[in-house]
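Below is one structure, written out as structure tokens; comments come after it.
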Protein chains: 2
Amino acid sequence: MARTIGSHSGKTGPRVRDAAMHLFAQRGFAAVSMRQIASEVGVQVGALYNYFPDKQTLLFELMRDHMLELLSAIHDKPETTPSSRLEVFVRFHITFHHKRPDAVFIAYMELRNLSPQNFEEIEALRRRYETVLEDILRAGLEANEFQVADTKITTLAIIAMLTGVSSWFRSKGRLSIADIKNQYWEMVQKSVCPKY
Amino acid sequence: MARTIGSHSGKTGPRVRDAAMHLFAQRGFAAVSMRQIASEVGVQVGALYNYFPDKQTLLFELMRDHMLELLSAIHDKPETTPSSRLEVFVRFHITFHHKRPDAVFIAYMELRNLSPQNFEEIEALRRRYETVLEDILRAGLEANEFQVADTKITTLAIIAMLTGVSSWFRSKGRLSIADIKNQYWEMVQKSVCPKY
DNA sequence: GTCTATAGAGTGATAGAC
DNA sequence: GTCTATCACTCTATAGAC
């Protein structure tokens, strides 16, 4: 939309981030120009540089904020049973990612467009998240509630499976997100169960 | 490498494809220029256009050939037991994808850089592959060998889990690809098992 | 089949007016 | 805080020489 000249009460920053998030998710970081972002927001390209020093930093901040939100939203309760902790994790992961399809897509697809230093920072956050799940699996292993050959591999396998939901789930589809959560929880539960 | 002037016995085509595959996988389609591909091969940019009409077609052909190879390599045997067919599928998927990390990466990451028409063609091939697994799950369900709530969801969940291996497996790592296959097969097997 | 040269458009980022 | 104008490149793709 065309805008008139002048200040607009400090709302441009969030609007730029929203527009960038959406465009990056849809077309990819490298394929989106600063002019396209500006046009989506309704400002000229020069105005964008009031909110970040360059395009790389914009990408980094979107990814970092997403990971920090993820980490601050997961609340594992080590005092409960491993099986219950695992169920909470599975349902949380699907819910959280389902609400932020653009951010999820960017976090998984644009890692290679980060500068080496920014990449390291995002990777560290991702590893922290994986550790939450791995701790649950280890606790279940020690309590003989789970049977897994290798907690690290199982962690990566479960996260890959759960995150995959974002790539195909459409809310107009045959199944509700509640159905999906139930089914994924059943699959995960069985996959870590001791063989009978 | 610098090259001298003249023809080079028809080997440039494959070399261009290899270079493009590697560069696209590493940096992303949109971030790689025709000049970078030419430089990697050791020719000037104009020479590339002897082998494809434009950059979009180059990407499409890489993806299409990968999917066709995948489809021609999977040999499901409907006359054997569902459990055996599933094991063959799991091991095949990991093996095939493990041997072609660049092609796998491109096939999953660059879908949005395809023109709508090319996208449809690749999607159709991907669905054909998914159907192989879904048929196995349906057979197992009918034979009461498997218990799955929804064969379509389970198909997508298993493929996401298996394909995830490519994103973290490094041959120098702690576990061999044979270990990985065994562990993934155990997880998949348990996840579709009837509850005891 | 490959080269050089170039057309024509687009890129990220900055300077200075308002 | 946003605008306009611009710098200095880079991009894909093509034409025509060899």
Side-chain angles (χ1 to χ4, degrees), chain A residues 1-21 23-24 26-63 106 110 112-118, chain B residues 1-21 23-24 26-63 106 110 112-118:
Chain A
M1 298 287 95
R3 303 283 298 282
T4 49
I5 294 176
S7 166
H8 293 277
S9 63
K11 284 188 184 154
T12 302
R15 278 164 49 76
V16 170
R17 300 169 65 88
D18 289 352
M21 183 90 91
L23 287 169
F24 289 168
Q26 199 153 287
R27 304 179 203 174
F29 173 74
V32 173
S33 72
M34 298 300 277
R35 282 170 179 79
Q36 286 173 316
I37 297 170
S39 161
E40 187 78 9
V41 175
V43 296
Q44 293 301 315
V45 68
L48 300 182
Y49 290 88
N50 289 313
Y51 302 97
F52 38 81
D54 51 33
K55 197 186 174 193
Q56 164 69 210
T57 304
L58 171 57
L59 174 64
F60 170 65
E61 288 181 359
L62 290 177
M63 292 177 75
I106 292 170
E110 304 296 354
R112 63 186 164 189
N113 285 308
L114 291 171
S115 69
Q117 188 179 325
N118 288 342
Chain B
M1 298 284 92
R3 302 284 299 282
T4 49
I5 295 176
S7 166
H8 294 276
S9 65
K11 285 189 184 156
T12 302
R15 278 164 47 78
V16 170
R17 298 168 65 86
D18 289 352
M21 183 91 90
L23 287 168
F24 288 168
Q26 200 155 288
R27 305 181 202 171
F29 172 75
V32 173
S33 72
M34 298 300 275
R35 281 174 180 77
Q36 288 172 314
I37 297 170
S39 161
E40 188 78 9
V41 175
V43 295
Q44 294 300 314
V45 69
L48 300 181
Y49 291 88
N50 288 314
Y51 301 98
F52 38 82
D54 51 33
K55 196 186 174 192
Q56 164 69 209
T57 303
L58 171 58
L59 173 64
F60 170 66
E61 289 182 359
L62 291 176
M63 292 176 75
I106 293 170
E110 303 297 354
R112 64 186 163 187
N113 285 308
L114 291 170
S115 69
Q117 188 180 326
N118 288 342

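Within every chain, numbering begins at 1; the chains are lettered A, B, ... in the order of the sequence lines, protein sequences first and strands thereafter. Here the structure is a predicted model, which means the values were calculated and not measured.
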Between Thr12(B) and dG1(C), is there a side-chain N or O to OP1/OP2 distance below 4.0 Å? no
Dot-bracket, DNA chain C: Watson-Crick or G-U, under 3.5 angstrom, [ ] crossing, | other strand? ||||||||||||||||||
Please enumerate all residues that pass salt bridge (charged side-chain N to carboxylate O under 4.0 Å, His left out) together with Arg112(A), with sequence neighbours excluded. Glu110(B)
For Arg27(B), all residues meeting salt bridge (charged side-chain N to carboxylate O under 4.0 Å, His left out), sequence neighbours excluded: none
All N/O contacts under 3.5 Å from nucleotides 15-17 of chain C to the protein, with atom names and distances to one decimal?
none

Round to a whole Å and report the spacing from [atom1] of [X] to [atom2] of [N].
X: Gln44(A); N: dC18(C); atom1: CD; atom2: C1'; answer: 15 Å
X: Asn50(A); N: dT4(D); atom1: CG; atom2: P; answer: 14 Å
X: Arg15(A); N: dT2(D); atom1: CZ; atom2: P; answer: 10 Å

Check whether any side-chain heavy atom of Ile37(A) lies under 4.5 Å from a side-chain heavy atom of Leu58(A), and answer yes or no.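 Side-chain contact under 4.5 Å: yes.
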Would you indicate whether the side-chain heavy atoms of Phe29(B) and Ile106(B) approach each other to under 4.5 Å? no
Residues in side chain to side chain contact (heavy atoms under 4.5 Å, CB included) with Gln44(B), at least two apart? none
Sequence neighbours left out, what passes side chain to side chain contact (heavy atoms under 4.5 Å, CB included) with Asp18(A)? Give chain and number order. none
Check: Gln56(B) side chain, Ser115(B) main-chain N or O, donor-acceptor pair, under 3.5 Å: yes
Mark yes or no for whether Gln36(B), through its side chain, and Ser33(B), through its backbone, hold a donor-acceptor pair below 3.5 Å.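 Yes; judged by distance alone, with no hydrogens or angles, the pair exists.
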Atom pairs, N/O to N/O, protein against nucleotides 10-13 of chain C, distance under 3.5 Å?
from: dT11(C); atom 1: OP1; to: Ser33(A); atom 2: OG; distance (Å): 3.4
from: dG12(C); atom 1: OP1; to: Lys55(A); atom 2: NZ; distance (Å): 3.1
from: dG12(C); atom 1: OP2; to: Met34(A); atom 2: N; distance (Å): 2.9
from: dG12(C); atom 1: N7; to: Arg35(A); atom 2: NH1; distance (Å): 3.0
from: dG12(C); atom 1: O6; to: Arg35(A); atom 2: NH2; distance (Å): 3.2
from: dA13(C); atom 1: OP2; to: Tyr49(A); atom 2: OH; distance (Å): 3.0
from: dA13(C); atom 1: OP2; to: Lys55(A); atom 2: N; distance (Å): 3.0

side-chain hydrogen bond (donor to acceptor under 3.5 Å, both in side chains) against Asn50(A), all qualifying residues, sequence neighbours excluded: none
On a heavy-atom basis, which atom in Glu40(B) and which in Leu23(B) lie closest, and how many Å separate them? CB-CD1, 4.2 Å
